[in-house]
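Here the structure is laid out as structure tokens; the discussion comes afterwards.
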2 protein chains.
Amino acid sequence: MTAEPPVSPATAGEPARPRRRDATETRQLLLDAARQRFARDGYAATTVRDIADDAGVNVALINRYFSSKEGLFEACLRAAGDELRRTTGQTPADRVPEAIARHIADLGTAGLSSQLTLLLRSSGDAGADEIRRGVLSRASEQLAAARGWRPGEPGGEQILLRAQMALAAGIGVAVLRSSSIQLEPLSSATEEDLVGPLRDLVDALLPPR
Amino acid sequence: MTAEPPVSPATAGEPARPRRRDATETRQLLLDAARQRFARDGYAATTVRDIADDAGVNVALINRYFSSKEGLFEACLRAAGDELRRTTGQTPADRVPEAIARHIADLGTAGLSSQLTLLLRSSGDAGADEIRRGVLSRASEQLAAARGWRPGEPGGEQILLRAQMALAAGIGVAVLRSSSIQLEPLSSATEEDLVGPLRDLVDALLPPR
DNA sequence: GAAGCAAGTCAACATATGTTTACATTGCGT
DNA sequence: ACGCAATGTAAACATATGTTGACTTGCTTC
């Protein structure tokens, strides 16, 4: 239907693969290719043949290892959730804005921007929606907790709401910088350009105590 | 491929249409149905038959009036741009956060939230990308101008960048509240719940002078 | 009322796409 | 070395989908 720009030159020019016929490795190749495609083009616009070609792998293996395109997508969401939790996990409270700026600024295909963009992609499947909601929920709670929020605390709802707004801002920035939009000057802003405004933003929403 | 929930009961139960065989009206019906579908499900996941059914109109008319699915999508983007410019046009500088809060809080299919969500949808077509970039660019310049930015002014780049971050925050909030995500408590927050944090956010990014 | 034209309908087509099935090949344990 | 399960391949299928062309229907004008 539309053009089909490959997302990366399959596997980089390694003349002899160390281990072929390794199920774990091809599973990972598929996961990586799928995450890039899904994040960049969305679920519906990505075909299983695109993913398989990027991974340098036969199409049928998607159904073998992930049951279906939906299954592969859910696996991508889980992986993005894990990576998000890992990167945002141990951030000291006073470094939250800097951490967000640094991770948002990274436009690489493995960076946080890419994970956030992926997390917005919808497949229309209820299972995937549930996973996404869980991941985003946890992320906002982590962010709120870094600024003193505790579950069930009176008035905590307000803090959680503000944390979700900060998360929304990060997501919005990631989206407006992403390849399909590239709003300038936001898109070519560096980490140093972003950290100041982001600190103002986060500190205004979640005042450090 | 996926389920197919209609977006609204075609045309509400009007027993006798006032004017049938009215090209302008059916064009508008198609535009409205398409904007809802595209905003909710994205470009690739929306089929022309879905749109035609929602509009209560024959499929072939999409190609007659808009040349192609792409053409219809571009028309939707232009319409969203017009509506965005109209709603954000005459906002006094000191009411910007309130205006954003009010418009973001409106989750109706014609509200600003829906327009912003639509503007994020990508079709992979270069023409559509250009339209989107233009609309978002103008919106951020309007926002910056409301806080004293003037084109070409020294140091104005910083203000524009901050305005785009505020726009990004609004977009992020709209997305996290949208039907496919519905992050709580953000999703059920009312205009009053949003206005406080949004004022803090906008004022921190674009200090009123 | 007939001609002419815009508006709308219907059916078909060409292709893209997710999935399955049957078959080939590799490597490991014995 | 041999068999066997695991891994990978190729082709086909059923269907969804954008688009097109021929045809019909209603409105307007003379």
Side-chain angles (χ1 to χ4, degrees), chain A residues 1-6 10-11 16-31 33-34 37-38 41-76 121 123-125 127-128, chain B residues 1-6 10-11 16-31 33-34 37-38 41-76 121 123-125 127-128:
Chain A
M1 217 173 306
T2 57
E4 190 180 334
T11 38
R17 228 79 56 78
R19 282 200 297 175
R20 266 156 53 177
R21 243 180 159 77
D22 178 341
T24 320
E25 181 184 332
T26 64
R27 231 190 91 103
Q28 192 60 46
L29 287 175
L30 282 173
L31 256 182
R37 281 279 184 180
F38 284 145
D41 303 333
Y43 178 81
T46 300
T47 75
V48 290
R49 286 176 174 84
D50 289 341
I51 298 172
D53 288 353
D54 285 350
V57 148
N58 191 283
V59 205
L61 296 183
I62 289 181
N63 295 278
R64 182 192 287 283
Y65 290 130
F66 299 95
S67 304
S68 65
K69 187 189 178 188
E70 284 281 1
L72 174 55
F73 182 64
E74 293 188 9
C76 288
R121 301 306 193 174
S123 70
D125 177 61
Chain B
M1 215 172 305
T2 57
E4 190 181 334
T11 37
R17 228 79 56 79
R19 283 199 297 174
R20 268 156 50 178
R21 243 183 159 76
D22 179 341
T24 319
E25 181 184 332
T26 64
R27 232 190 92 103
Q28 192 60 45
L29 287 174
L30 282 174
L31 257 181
R37 280 280 184 181
F38 285 145
D41 303 333
Y43 178 82
T46 300
T47 75
V48 291
R49 286 175 174 85
D50 289 341
I51 299 173
D53 289 353
D54 285 350
V57 149
N58 192 284
V59 204
L61 296 183
I62 288 181
N63 294 277
R64 182 193 286 282
Y65 292 131
F66 300 96
S67 304
S68 64
K69 187 189 178 187
E70 284 280 1
L72 174 55
F73 182 64
E74 293 188 9
C76 290
R121 300 307 191 174
S123 70
D125 176 62

Find the distance [X]:[atom1] to [N]:[atom2] and express it as a whole number of Å.
{"X": "B:Asp53", "N": "D:dG18", "atom1": "CG", "atom2": "P", "answer": "12 Å"}
{"X": "A:Arg21", "N": "C:dC28", "atom1": "CZ", "atom2": "P", "answer": "11 Å"}
{"X": "B:Asn58", "N": "D:dC23", "atom1": "CG", "atom2": "P", "answer": "17 Å"}
{"X": "A:Asp22", "N": "D:dG8", "atom1": "CG", "atom2": "P", "answer": "8 Å"}
{"X": "B:Glu25", "N": "C:dA6", "atom1": "CD", "atom2": "C1'", "answer": "16 Å"}
{"X": "A:Ile62", "N": "C:dT21", "atom1": "CD1", "atom2": "C1'", "answer": "17 Å"}
{"X": "A:Arg27", "N": "D:dA6", "atom1": "CZ", "atom2": "P", "answer": "16 Å"}
{"X": "B:Lys69", "N": "D:dT20", "atom1": "NZ", "atom2": "C1'", "answer": "17 Å"}

Where the side chain of [X] is concerned, which of [options] is the nearest nucleotide?
{"X": "B:Ala60", "options": "C:dT21, D:dT19, D:dG21", "value": "D:dG21"}
{"X": "A:Thr47", "options": "C:dG18, D:dT7, D:dT17", "value": "C:dG18"}
{"X": "A:Tyr65", "options": "D:dT7, C:dG8, D:dG18", "value": "D:dT7"}
{"X": "B:Asn63", "options": "D:dT7, D:dT19, C:dG18", "value": "D:dT19"}

Do [X] and [Y] make a side-chain contact, defined as non-hydrogen atoms from C-beta onward lying under 4.5 Å apart?
{"X": "B:Leu30", "Y": "B:Asp54", "result": "no"}
{"X": "A:Glu25", "Y": "A:Leu29", "result": "yes"}
{"X": "A:Phe66", "Y": "A:Glu74", "result": "no"}
{"X": "A:Phe73", "Y": "A:Asp125", "result": "no"}

Touch class at under 4.0 angstrom, heavy-atom based, for A:Thr46 against every strand present: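 Answer is sugar-phosphate: A:Thr46 comes under 4.0 Å of backbone atoms only.
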
Sugar-phosphate only, base, or nothing, as touched by B:Phe66 at under 4.0 Å among non-hydrogen atoms: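 B:Phe66: no heavy atom of the nucleic acid under 4.0 Å.
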
Residue whose closest nucleotide on DNA chain C lies nearer the 5' end, B:Leu61 versus A:Arg64: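 Checking each residue's closest nucleotide, the 5'-ward one belongs to B:Leu61.
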
Short side-chain N/O contact from B:Ser68 to OP1 or OP2 of D:dG18, under 4.0 Å: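 No, no such contact exists.
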
N/O (side chain, A:Thr26) to phosphate O (OP1/OP2, D:dG8) under 4.0 Å: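 Checking A:Thr26 against D:dG8: at least one side-chain N or O falls below 4.0 Å of OP1 or OP2.
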
Pi-cation contact, B:Tyr43 with B:Lys69 (under 6.0 Å, within 45°):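 Yes, cation above the ring, under 6.0 Å and within 45°.
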
